[in-house]
Amino acid sequence: MAKQLILDLKPEELAQKLQDMGQPKFRSVQLLDGLYKHHYDSFDRFPTLPKTLITQLESEFVLNPLELVSKLQSRDKKTEKFLFSLQDRKQIETVLMRYADRDTVCISSQVGCPLGCVFCATGQMGFTRNLSVGEILGQVLHCMRQLESEGKNLTNIVFMGMGEPFLNYSNVMEAIDRLIHPESMNFGARRITISTVGLTPKLKEFTQLDSQVNLAISLHAPTDELRSQLVPNNRLHPLKPLLAACREYVNKTKRRLSFEYALIEGVNDTDQHARQLISQIRGMLCHVNLIALNPSKNYPFPGSSSQRVQAFLAVLQEAGIPSSIRSRKGIEINAGCGQLAQAQESE
Ligand code: SAH
Ligand code: SF4
């Protein structure tokens with residue numbers, strides 16, 4: 001029988017497990033601290049656990065759910081992309097981005113994605129399965145260890161890797177609980193961002209949580225006609241109810257949300273599109289992130305030129321819409337937004 005991922009167990013389940021093994025209560029604190037505060041990557045690194053317990057844990061559990069298959073570094077060495085193999089040999093990618101003022105990990109929530117946005121490499125590969133809580137946390141822990149070896153700490157986490165986080169809602173939310181709980185990883189909720197294509201019912205559910213986690217909605221088009229061509233999920237969850245749910249989110253949480261908009265030459269990047277976008281979101285507490293579309297194998301249209309991106313930005317800003325241009329990172333190693341796919345598929 002395959003061993004269980006220890007990171008998949010809730011802290012209370014792990015405490016119960018240790019109790020069943022006849023261990024005193026304080027052992028679970030030692031074990032949880034080792035996993036979530038010290039980020040140990042193997043059981044034999046836990047200095048306070050007795051040898052017999054270590055052997056027992058090793059025989060029942062896997063500590064690190066991810067096997068590093070390869071890593072690629074951008075020319076400026078700031079962006080690193082990790083390809084991991086999971087227990088069932090499926091593969092995912094995780095990206096670590098070093099900025100002047102922060103270090104951000106971009107994590108995956110699914111192997112592939114079923115939503116098929118036409119410009120997204122992950123969407124183009126189709127869907128395999130959801131990631132478990134441990135597989136989500138394992139990506140963060142890997143990058144924390146990497147940064148700690150450089151004398152740094154992780155500052156931000158974004159769910160912008162492979163997959164749609166709201167289609168793996170319960171595991172994503174449980175992973176976030178583990179990340180932010182003071183007795184667990186104690187990571188600031190405000191430094192975590194969930195990016196979603198906008199599954200309206202899930203967005204409503206998320207609003208009810210009144211969470212401090214940031215929310216980004218991948219919009220990419222200002223009309224249903226165009227958005228449905230680019231983001232097929234729009235046919236199921238069109239703009240009107242989606243944007244109404246966004247306004248509801250802002251009203252309830254008083255938090256600013258972000259709209260992601262990838263500019264595609266001649267497709268969604270004219271001044272007219274910018275004006276249509278303004279009329280859709282005017283008055284909402286929001287920020288628009290513009291990015292020139294990154295290339296992916298099966299989508300022929302190029303990203304907009306930097307002049308066009310600037311011009312689009314100018315139209316938004318003249319109308320008083322808070323907006324900025326997101327810098328592209330790691331494009332030459334296919335580590336940019338929407339470029340993640342299993343290695344076999346992208347070669
Ligand atoms: N499924 C979620 C999160 C993963 S995708 C979502 O769609 O929001 C992360 C971001 O990359 C999204 O904003 C997505 O629209 C964007 N993206 C996908 N393909 C892209 C591409 N080729 N160029 C730029 N951004 C892209
Ligand atoms: Fe899935 Fe997001 Fe890619 Fe769309 S952009 S296919 S929702 S990962």
Side-chain angles (χ1 to χ4, degrees), residues 72 74-75 79 81 83 91-93 95 97 106 108 110-128 160-164 167 195-198 216-239 242 259-277 280 288-316 323 325-347:
L72 287 174
S74 62
R75 275 188 293 273
T79 303
K81 182 169 83 164
L83 173 68
Q91 296 184 336
I92 52 163
E93 293 184 328
V95 181
M97 293 163 288
C106 175
S108 294
Q110 301 183 308
V111 182
C113 179
L115 296 183
C117 301
V118 292
F119 46 71
C120 171
T122 310
Q124 290 160 10
M125 72 181 258
F127 175 65
T128 305
M160 293 192 185
M162 299 164 77
E164 166 52 47
L167 285 178
S195 175
T196 174
V197 75
I217 307 286
S218 301
L219 209 56
H220 305 311
T223 62
D224 277 324
E225 197 194 349
L226 182 55
R227 191 164 189 266
S228 294
Q229 285 169 26
L230 300 173
V231 178
N233 184 67
N234 189 70
R235 293 181 202 130
L236 225 59
H237 300 294
L239 283 171
L242 171 61
F259 288 112
E260 307 292 318
Y261 198 108
L263 290 158
I264 313 168
E265 196 175 279
V267 174
N268 64 354
D269 69 346
T270 64
D271 285 0
Q272 166 75 356
H273 291 117
R275 285 192 292 271
Q276 287 171 327
L277 175 61
Q280 292 281 20
V288 178
N289 276 318
L290 299 176
I291 183 172
L293 188 85
N294 294 321
S296 66
K297 202 170 79 181
N298 294 318
Y299 187 67
F301 295 92
S304 307
S305 67
S306 59
Q307 293 95 304
R308 184 81 298 266
V309 178
Q310 289 290 349
F312 198 94
L313 178 75
V315 178
L316 297 183
S323 40
I325 299 172
R326 184 181 270 210
S327 64
R328 286 163 127 189
K329 280 180 92 71
I331 305 310
E332 76 275 21
I333 56 167
N334 282 339
C337 283
Q339 293 192 303
L340 304 187
Q342 280 181 270
Q344 308 88 293
E345 323 260 334
S346 61
E347 270 160 13

Indicate yes or no for a side-chain donor-acceptor contact from [X] to the backbone of [Y] under 3.5 Å, with no hydrogens or angles considered.
X: Gln280; Y: Pro222; result: yes
X: Gln339; Y: Ala121; result: no
X: Ser74; Y: Thr79; result: yes
X: Glu164; Y: Val197; result: yes
X: Lys81; Y: Asn334; result: yes

Which distance, rounded to the nearest 0.5 Å, do you find between the [atom1] of [X] and the [atom2] of [Y]?
X: Ser195; Y: Ile217; atom1: OG; atom2: CD1; answer: 8.0 Å
X: His220; Y: Ile291; atom1: NE2; atom2: CD1; answer: 9.0 Å
X: Asn233; Y: Thr196; atom1: CG; atom2: OG1; answer: 8.0 Å
X: Leu313; Y: Ile325; atom1: CG; atom2: CD1; answer: 4.5 Å
X: Met162; Y: Gln91; atom1: CE; atom2: CD; answer: 9.0 Å

The criterion is side chain to side chain contact (heavy atoms under 4.5 Å, CB included); which residues satisfy it with [X], sequence neighbours excluded?
X: Pro114; result: Gln110, Phe127, Leu167
X: Ile264; result: Phe119, Leu230, Val267, Asn268, Leu293, Tyr299, Phe301
X: Arg275; result: Asp271, Gln272, Val315
X: Cys106; result: Val95, Met97, Val158, Met160

Tell me the closest heavy-atom pair linking [X] and [Y], and the distance in Å.
X: Pro232; Y: Cys117; result: CD-CA, 3.8 Å
X: Leu316; Y: Ser323; result: CB-OG, 3.6 Å
X: Leu239; Y: Asn234; result: N-OD1, 3.7 Å

**Asked** Tyr261: what forms a ring pair (Phe, Tyr, Trp, His ring centres under 6.0 Å) with it, not counting sequence neighbours?
**Response**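 Once residues adjacent in sequence are excluded, the partners of Tyr261 under the ring pair (Phe, Tyr, Trp, His ring centres under 6.0 Å) criterion are Phe312.
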What pairs with [X] under side-chain hydrogen bond (donor to acceptor under 3.5 Å, both in side chains), at least two apart in sequence or on another chain?
X: His273; answer: Thr270
X: Glu260; answer: Asn289, Arg326
X: Ser296; answer: Gln124
X: Asp269; answer: Ser304

**Prompt:** salt bridge (Lys or Arg N to Asp or Glu O under 4.0 Å): which pairs involve residues 220-237, sequence neighbours left out?
**Reply:**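 Qualifying pairs, neighbours excluded: none.
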**Flag side-chain contact, heavy atom, 4.5 Å: Arg308 against Leu263** =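 Not in contact.
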